[in-house]
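The structure under discussion is supplied below as structure tokens; questions concerning it will follow.
As the structure lists them, so they are numbered: ligands from 1, and atoms in each ligand from 1. These numbers come from the heavy atoms of this one structure, side chains and all, not from hydrogens, waters or symmetry mates.
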Amino acid sequence: MKTVTEYFGCDVFSASVMKERLPAETYAELERTLETGHRLDLDVANVIANAMNDWAIEKGATHYTHWFQPLTGVTAEKHDSFITPTKDGGIIMEFSGKELVKGESDASSFPSGGLRATFEARGYTAWDPTSFAFIKDGVLCIPTAFCSYGGDALDKKTPLLRSMEAINKQTLRILKLFGNTDVVSVKTTVGPEQEYFLVDKDVFNKRKDLVYTGRTLFGGKPPKGQELDDHYYGAIKPRVQAFMAELDEELWRLGVLAKTEHNEAAPAQHELAPIYATTNIATDHNQITMEAMQKIAKKHGMVCLLHEKPFAGVNGSGKHNNWSISTNTGTNLLEPGETPAENAQFLLFLCAVIKAVDDYQDLLRISIASAGNDHRLGAQEAPPAIVSMFLGEELNAVLDAIENDESYGSKEKEVLKVGVHVLPRFPKDSTDRNRTSPFAFTGNKFEFRMLGSSASVAGPNTTLNTAVAEVLSQFADELENAESFDSAIEALIKRVIKEHKRIIFNGNGYDDAWVKEAEKRGLLNLKSTPDCLPYMLHKKNIDLYTKHGVYSEAEIKAHYEIKNEKYCKYLNIEALTMIDMTKKDILPCVSRQVSELTATILAKRAVGEYIDTTYEEAVAKELSGLSKEAFGAVNELEKLSREVKEIKESDAAAMFYKNRIIPVMEHLRFAVDCAEALCPTDKWCYPSYGELLFSVR
Ligand code: ADP
Ligand code: MG
């Protein structure tokens with residue numbers, strides 16, 4: 001058996017494989033591209049395609065695919081085999097540089113938000129040489145960007161790469177001001193911690209809501225939930241252990257740095273954290289991870305739920321996005337330094353993130369908005385829908401001291417000055433204490449915690465990179481023109497702290513008092529997806545993306561459409577599933593129950609007055625009342641589901657779902673859950689929450 005170090009990355013056409021197999025000058029060209037994003041020409045691509053082809057065939061691959069991330073949020077692939085006919089009637093296994101660099105696919109079924117006229121269904125995929133090709137189930141997967149005939153981005157990767165370019169450019173301007181000329185490129189890094197649930201496949205299959213929507217639309221709370229905190233970091237069950245071992249192996253073969261696996265707070269909830277990587281690679285790897293989780297769970301007789309809120313009343317699942325900026329020379333720009341100059345630079349980057357999060361809190365909220373995540377934000381363990389930042393007591397005290405010209409700590413006699421004093425070391429654990437903050441500084445990186453578990457991390461990182469790039473460009477404009485760099489930077493940092501400290505909140509984000517306080521501070525509280533999406537079209541936000549070449553105005557409008565449409569589609573499926581379950585299973589089940597009870601009552605009465613029927617009468621009465629309520633609600637839901645189809649504009653339809661349809665869905669659920677609580681365990685039509693959450697033993 002091979003050891004992990006022997007097989008790690010064995011299914012990846014990685015830098016080291018390429019170095020071994022490519023002529024030195026081709027590899028040097030590729031390296032230049034990897035470092036600076038410089039475009040490769042077709043001659044070079046041909047040589048790489050040849051080497052990739054030989055490597056993949058030696059490894060037993062028969063097909064190749066341009067692997068891309070359309071706006072559905074999952075990955076897409078279309079398999080082509082390598083076979084190429086020869087003159088003598090045989091075949092050879094081959095693909096060319098042209099096929100590597102560019103693919104053409106019928107894009108008409110992918111969401112485009114009107115970017116692509118229907119007569120022009122073609123879409124193109126273009127190779128992203130910065131993310132390595134890999135072999136998955138006998139198929140060579142080539143990571144690509146996906147765009148329309150006219151060059152508009154139809155995927156999540158293109159804008160992400162553009163945002164990385166934007167932050168690279170602006171960061172280099174700042175570093176130059178600090179006299180740092182060694183650095184030729186900077187990249188943002190991401191380590192996304194992925195939460196998920198595992199449930200038994202047989203139990204899962206008995207729940208139409210899980211099968212159709214990925215979450216339970218009905219279900220009363222089990223007697224035991226997560227209140228004992230006995231699942232968090234608890235012993236991992238053997239079946240889950242076997243799943244995790246196979247998952248690790250698959251991910252390691254694909255070069256994914258899966259690092260930590262543990263049980264999460266809710267029963268049946270788990271987490272996988274990778275070691276961080278460059279943002280576009282981390283994004284690809286997270287997609288691979290989610291796919292592998294679902295595939296491998298099935299092999300173990302389980303289903304992996306990636307939905308943000310599979311169960312009401314229990315923690316939902318998120319994806320903590322650890323984010324930082326690193327130079328090609330290996331410096332993490334969010335790491336406090338050892339010298340006053342390094343610390344001035346650190347404080348400047350810190351302030352850039354603070355200002356970016358405050359200025360673009362709406363876009364950050366939008367970047368994580370989805371029908372699924374709406375259930376999570378503000379509930380149980382998830383951060384609230386209000387965007388705020390946590391810096392930790394120590395760093396906060398430092399910023400206070402700078403803002404107010406005060407000394408910091410007991411030892412310092414002089415007032416704390418940027419560029420003159422060394423910052424104290426912040427104990428790392430003290431920065432991670434606040435789990436309720438949506439955006440927390442954790443010692444040398446930020447952790448954006450509002451992301452939903454099922455969504456790609458591309459969108460939120462595109463927004464974050466662009467927002468920070470914009471603030472850095474403002475800083476650079478100001479500092480490049482300053483007479484004295486030192487006093488300009490001091491003034492800039494002070495001003496940013498003063499103007500943007502409203503976004504910093506170190507208290508309990510789950511507290512109701514915070515909602516009031518945030519309102520007083522003028523922070524946005526955009527509770528749902530339809531509430532926040534319209535902010536996408538605000539001029540300041542369109543200006544941001546177009547200025548940095550991340551999205552064109554047409555692309556933003558298309559994304560707006562797609563996000564609204566997606567929200568409506570999800571809710572439509574949920575509403576239809578509820579209607580189906582209620583009419584076909586739940587109401588008949590309750591009715592049978594009532595008739596059984598009434599039959600018992602009659603039978604008992606026939607025996608004589610002295611046989612008591614209190615229980616049967618009370619329950620029959622309550623159940624028939626609930627049945628009436630559920631029937632009324634389901635009829636209303638049907639009516640509204642027809643009505644919403646008449647609404648042409650997708651944003652108006654989304655609002656209708658939120659304001660009119662969701663309340664009826666909630667009402668229906670409430671009636672049904674009350675009925676479930678009154679029915680005998682073996683008579684209810686679906687496995688209970690208890691059975692679901694404790695199904696994997
Ligand atoms: P914490 O104790 O704050 O949770 P960890 O070291 O356990 O920190 O890291 C949590 C996650 O953050 C991991 O996925 C890790 O790879 C990632 N991470 C660490 N450093 C960075 C960085 N510089 N940029 C992005 N992610 C990082
Ligand atoms: Mg963490």
What about Trp323: any of its N or O atoms under 3.5 Å from an N or O on ligand 1?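 It does not: no N or O of Trp323 is found under 3.5 Å from an N or O of ligand 1.
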
Do Thr189 and Ser326 pair up side chain to side chain, a donor and an acceptor below 3.5 Å, judged on atom types alone? no

Taking the six-membered ring for Trp, are Phe505 and Trp514 parallel (under 30°), tilted (30 to 60°) or perpendicular (over 60°)?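 Judged by the thresholds at 30° and 60°, the geometry between Phe505 and Trp514 is parallel.
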
Given Lys259, Glu335, Lys445, identify the one with the heavy atom nearest to atom 5 (P) of ligand 1.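 Minimum heavy-atom distance to atom 5 (P) of ligand 1 goes to Lys445.
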
Regarding ligand 1, does Asn322 bring an N or O atom to under 3.5 Å of one of the ligand's N or O atoms? yes

So, using side-chain contact (heavy atoms from CB on, under 4.5 Å) as the criterion, who are the partners of Ala15 when residues are at least two apart? Tyr27, Phe132

Pull out every atom of ligand 1 sitting under 4.0 Å from any heavy atom of Ser324, numbered as shown with elements. 22 (C), 23 (N), 24 (N)

Those atoms of ligand 1 less than 4.0 Å from some heavy atom in Ile275: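 Numbered from 1, ligand 1 contributes 16 (O).
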
Residue list, side chain to side chain donor-acceptor pair (under 3.5 Å) with Thr171, at least two apart or on another chain: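 If we apply the side chain to side chain donor-acceptor pair (under 3.5 Å) test to Thr171, skipping adjacent residues, there are no hits.
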
Return the OH to CD1 distance between Tyr360 and Ile503, rounded to the nearest 0.5 Å. 13.5 Å

Please state which part of Glu193 comes within less than 4.0 Å of ligand 1, counting heavy atoms only: side chain, backbone, both or neither.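 Contact part for Glu193 vs ligand 1: side chain (C-beta onward).
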
Within a distance under 4.0 Å of any heavy atom of Asn332, pick out the atoms of ligand 1 and give their elements.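 Going through ligand 1 atom by atom, the ones under 4.0 Å from Asn332 are 23 (N).
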
Counting from 1 in the order shown, the ligand 1 atoms closer than 4.0 Å to a non-hydrogen atom of Pro274 are 13 (C), 14 (O), 15 (C), 16 (O)

Does Glu246 come within less than 4.0 Å of Lys299, counting only side-chain N to carboxylate O?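 Counted as a salt bridge, because a side-chain N and a carboxylate O are separated by less than 4.0 Å.
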
